[in-house]
Q: 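Could you have a look at this structure, given as structure tokens, before my questions?
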Amino acid sequence: MNKERTFIAIKPDGVQRGFISEIIGRFEKKGFKLVALKQLIPSRELAENHYGIHKDRPFFNDLVNFISSGPVVAMIWEGDGVI
């Protein structure tokens, strides 16, 4: 049986407020497996590509500015029903 995988990002406000371990713990308690984790400050180019589907929306620039304003914890989780 194939396991589902999903991408989860803890955004700059969650990182700053110290929610990293709480969020990871919630996924672990559900029985999901953390298969990749990386902390980074997204470049503007990366943020624009990631949220490109929203390019024509009025909130796009604010979203890109926010997501690239500080550290983000990017994770891949695996498990049945993780999506």
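Residue numbers run from 1 in the order of the sequence given.
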Q: Could you list the residues that satisfy salt bridge (Lys or Arg N to Asp or Glu O under 4.0 Å) with Glu78, not counting sequence neighbours?
A: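 Partners of Glu78 under the salt bridge (Lys or Arg N to Asp or Glu O under 4.0 Å) test: Arg5.
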Q: Which distance, rounded to the nearest 0.5 Å, do you find between the CG of Leu34 and the CD of Glu28?
A: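 If we round to the nearest 0.5 Å, Leu34:CG and Glu28:CD are 7.0 Å apart.
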Q: Are Ile8 and Leu63 grouped together when hydrophobic residues (ILVMFWY) are joined by side-chain heavy atoms under 4.5 angstrom apart?
A: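 Unlinked, Ile8 and Leu63 end up in two clusters.
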Q: Name all residues meeting the ring-ring contact (aromatic ring centres under 6.0 Å, His included) criterion together with Phe27; count only those two or more places apart in sequence or in a different chain, and write none if there are none.
A: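 Testing Phe27 for ring-ring contact (aromatic ring centres under 6.0 Å, His included), a comparison that skips the adjacent residues, returns Trp77.
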Q: Apply ring-ring contact (aromatic ring centres under 6.0 Å, His included) to Phe66 and list each qualifying residue two or more places apart in sequence or on a separate chain.
A: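 Once residues adjacent in sequence are excluded, Phe66 has no partner under the ring-ring contact (aromatic ring centres under 6.0 Å, His included) criterion.
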Q: Is there a side-chain contact between Leu37 and Ile24 (heavy atoms, below 4.5 Å)?
A: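 Yes, at least one pair of side-chain atoms sits under 4.5 Å.
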Q: Considering non-hydrogen atoms only, spot the tightest contact between Val64 and Ala47 and give its length.
A: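 In this case the closest contact between Val64 and Ala47 is CG1-CB, 3.9 Å.
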Q: Around atom CD1 of Ile53, are there more than 12 heavy atoms from other residues, nucleotides or ligands closer than 6.0 Å?
A: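 Count not over threshold, so no.
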Q: Any side chain to side chain donor-acceptor pair (under 3.5 Å) involving residues 11-25? Give me the pairs, sequence neighbours left out, ordered by first then second residue.
A: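 Residue pairs with at least one partner in residues 11-25: Glu22-Arg26.
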Q: Rounded at 0.5 Å granularity, tell me how far CZ in Phe60 sits from NE2 in His54.
A: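 Reported value, rounded in 0.5 Å steps: 9.0 Å.
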Q: Taking the side chain as every heavy atom from C-beta outward, state whether Leu46 and Leu40 have any pair of such atoms under 4.5 Å apart.
A: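 A side-chain contact exists here, since the closest heavy-atom pair is under 4.5 Å.
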Q: Find the distance between CE (Met75) and CD1 (Ile23) and round it off to the nearest 0.5 Å.
A: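 The distance works out to 6.5 Å.
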Q: With a 4.5 Å heavy-atom cut-off, do Ile67 and Pro12 have their side chains touching?
A: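 Answer yes - side chains close enough.
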Q: Same cluster for Val72 and Ile20 if Ile/Leu/Val/Met/Phe/Trp/Tyr side chains link at under 4.5 Å?
A: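 No, because Val72 and Ile20 fall into different hydrophobic clusters, even though each may have its own neighbours under 4.5 Å.
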Q: Minimum heavy-atom separation for Pro42 and Gly70, please, with both atom names.
A: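 Scanning both residues, the minimum pair turns out to be CD-O, 3.7 Å.
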Q: If hydrophobic residues (ILVMFWY) are linked whenever their side-chain heavy atoms come closer than 4.5 Å, directly or via other members, who joins Phe7 in its cluster?
A: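 Result for Phe7 is Val35, Ile76.
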Q: Just by modelled atom types, is the Val82 backbone N or O under 3.5 Å from a matching donor or acceptor in the Glu4 side chain?
A: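 Such a contact is found between Glu4 side chain and Val82 backbone.
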Q: Pairs in or reaching into residues 44-53: which pass side chain to side chain donor-acceptor pair (under 3.5 Å), with residues at least two apart or in two chains?
A: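 For residues 44-53, and leaving out neighbouring residues, the side chain to side chain donor-acceptor pair (under 3.5 Å) pairs sorted by first residue read Arg44-Glu48, Arg44-Asn61, Arg44-Asn65.
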